Amino acid sequence: DAERAFRDMLGIEDTRLLGLRGLFIEAQRAGDYEAAFRHAKEAATLFPKAQWPWDALLDHHAKGGAWRDSLEALSHLQSHIDKTLYRRKRAVLLTADAIQKSDSEPDGALENLREAVKLAPQQQPAARVEVAVAIAAAIAKGQHRAGRPGLRGRHGQGLVAAAQAQWLVQAGRHPAP
């Protein structure tokens with residue numbers, strides 16, 4: 001049985017990473033995504049320079065909307081992926097994180113969006129959301145007309161969903177519209 005063979009590999013230092021990778025793949029095939037996540041997390045802890053665990057963690061966190069965790073995982077991939085791809089992915093994740101925290105931390109959200117626009121100026125969603133967050137921040141500080149909804153309302157949820165869809169398209173896991 002493959003799973004038993006991969007578990008046996010965990011006991012040997014030279015094959016531990018391979019065993020974790022095999023268990024990760026077997027868990028995914030079985031639809032046990034929590035077990036797959038645990039194997040990837042263990043591999044990332046034991047082998048922080050390996051690429052596959054960070055790819056798996058990035059994918060897991062991005063699908064769950066855990067943008068800060070996604071950004072941390074991406075930072076470990078910086079030396080493994082093309083610079084342009086890294087910048088684009090970071091911009092997408094910063095934009096999604098900014099949308100998520102726009103009501104609770106408008107200044108932090110605006111800072112994220114400014115970095116996203118600098119990283120990928122051609123990326124229109126970040127620029128549009130930057131304006132919306134600036135308005136929301138002004139409202140929160142009483143510098144603009146009160147009563148307007150922040151990004152977490154009906155429109156904000158759509159922006160979060162759009163960011164997640166954009167992530168899936170860029171990760172090659174969803175067909176482009």
Side-chain angles (χ1 to χ4, degrees), residues 1-102 104-105 108-109 112-113 115-116 119-120 123 125-126 129 151-152 156-177:
D1 151 69
E3 187 173 335
R4 188 169 42 104
F6 291 130
R7 288 204 184 283
D8 290 344
M9 290 179 174
L10 298 179
I12 304 167
E13 189 173 338
D14 289 343
T15 60
R16 188 170 294 138
L17 182 60
L18 181 59
L20 287 167
R21 174 78 169 153
L23 290 171
F24 169 78
I25 292 170
E26 289 298 314
Q28 281 193 312
R29 284 185 185 152
D32 189 351
Y33 300 108
E34 284 307 309
F37 171 72
R38 284 192 310 274
H39 295 307
K41 192 172 182 178
E42 182 178 354
T45 301
L46 295 174
F47 303 95
K49 293 185 180 188
Q51 181 177 353
W52 78 261
W54 296 110
D55 281 331
L57 292 174
L58 174 59
D59 190 50
H60 175 83
H61 291 310
K63 284 178 181 175
W67 307 119
R68 297 307 314 170
D69 292 335
S70 298
L71 284 161
E72 181 184 341
L74 181 64
S75 72
H76 289 277
L77 291 169
Q78 187 171 6
S79 64
H80 294 287
I81 61 176
D82 174 72
K83 183 178 179 180
T84 302
L85 179 61
Y86 171 81
R87 292 169 63 90
R88 189 174 60 228
K89 285 185 176 197
R90 183 162 173 79
V92 169
L93 294 172
L94 285 167
T95 301
D97 185 55
I99 292 166
Q100 190 173 62
K101 68 182 184 182
S102 63
S104 61
E105 302 174 50
N112 279 4
L113 290 167
E115 182 183 346
L119 287 169
Q123 192 167 315
V129 175
L151 290 176
R152 296 293 296 165
Q157 294 301 340
L159 290 171
V160 169
Q164 286 173 321
Q166 184 176 3
W167 171 261
L168 292 173
V169 167
Q170 287 184 353
R173 289 173 172 71
H174 190 276

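Keep in mind that this is a model prediction, so the values were computed, not measured.
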Please name the pair of heavy atoms, one in Ala50 and one in Leu17, separated by the smallest distance, quoted to 0.1 Å.
-> CB-CD2, 3.9 Å

Trace of the side chain to side chain contact (heavy atoms under 4.5 Å, CB included) decision for Trp67 with Glu72 | CA-CA 9 Å; Trp67 307 119; Glu72 181 184 341; over 6 Å; no

Charged N to carboxylate O below 4.0 Å: is that the case for Arg4 and Asp8?
-> no

Can Arg16 and Arg21 be said to form a side chain to side chain contact (heavy atoms under 4.5 Å, CB included), step by step?
-> CA-CA 9 Å; Arg16 188 170 294 138; Arg21 174 78 169 153; over 6 Å; no

Once you round to the nearest 0.5 Å, how far does CG of Asp82 lie from CG of Leu77?
-> 13.0 Å

Are Arg7 and Glu3 close enough, and set up right, to give a salt bridge (charged side-chain N to carboxylate O under 4.0 Å, His left out), and what steps lead you there?
-> CA-CA 6 Å; Arg7 288 204 184 283; Glu3 187 173 335; 3.3 Å; yes

Identify the two heavy atoms, one from Pro53 and one from Ala40, that lie closest to each other, and give their separation to 0.1 Å.
-> CB-O, 3.4 Å

Shortest non-hydrogen contact from Ala56 toward Phe24 = CB-CZ, 3.5 Å

Kindly determine whether Leu85 and Arg88 satisfy side chain to side chain contact (heavy atoms under 4.5 Å, CB included), including the steps that lead there.
-> CA-CA 5 Å; Leu85 179 61; Arg88 189 174 60 228; 3.1 Å; yes

Decide yes or no for Leu93 and Leu58: does some side-chain heavy atom of the first lie under 4.5 Å from some side-chain heavy atom of the second?
-> yes

Aromatic plane relationship, His76 with Trp54 - under 30° parallel, 30 to 60° tilted, over 60° perpendicular = parallel

For Gln28 against Ala36, the heavy-atom pair lying closest together = CG-CB, 3.8 Å

Output for pair (Leu23 CG, Asp32 CG), nearest 0.5 Å, gives 11.0 Å

Hey, what do you get for CZ (Arg68) to CD (Gln100), rounding to the nearest 0.5 Å?
-> 10.0 Å

State, yes or no, whether a side-chain contact exists between Leu113 and Ile99 at a heavy-atom distance under 4.5 Å.
-> no

Close aromatic pair by centroid cut-off 6.0 Å: Phe6 and His39 = no

Glu26 bridged to Arg29 by N-O distance under 4.0 Å = yes

I would like to know whether Asp55 and His80 meet side chain to side chain contact (heavy atoms under 4.5 Å, CB included); could you show each step before the answer?
-> CA-CA 10 Å; Asp55 281 331; His80 294 287; over 6 Å; no

Here the gap from Thr15 atom OG1 to Met9 atom CE, rounded to the nearest 0.5 Å, amounts to 6.0 Å

What is the distance from atom CZ of Arg90 to atom CG of Leu119, rounded to the nearest 0.5 Å?
-> 6.5 Å

Are Leu74 and Tyr86 side-chain neighbours, meaning at least one heavy-atom pair lies under 4.5 Å?
-> yes

Going from NZ on Lys63 to OG on Ser70, what distance comes out if it is rounded to the nearest 0.5 angstrom?
-> 11.5 Å

Would you check if the side chain of Arg87 reaches a backbone N or O of Ala120 as a donor-acceptor pair within less than 3.5 Å?
-> no

Could you walk me through whether Asp97 and Lys101 pass the salt bridge (charged side-chain N to carboxylate O under 4.0 Å, His left out) check?
-> CA-CA 6 Å; Asp97 185 55; Lys101 68 182 184 182; 3.4 Å; yes

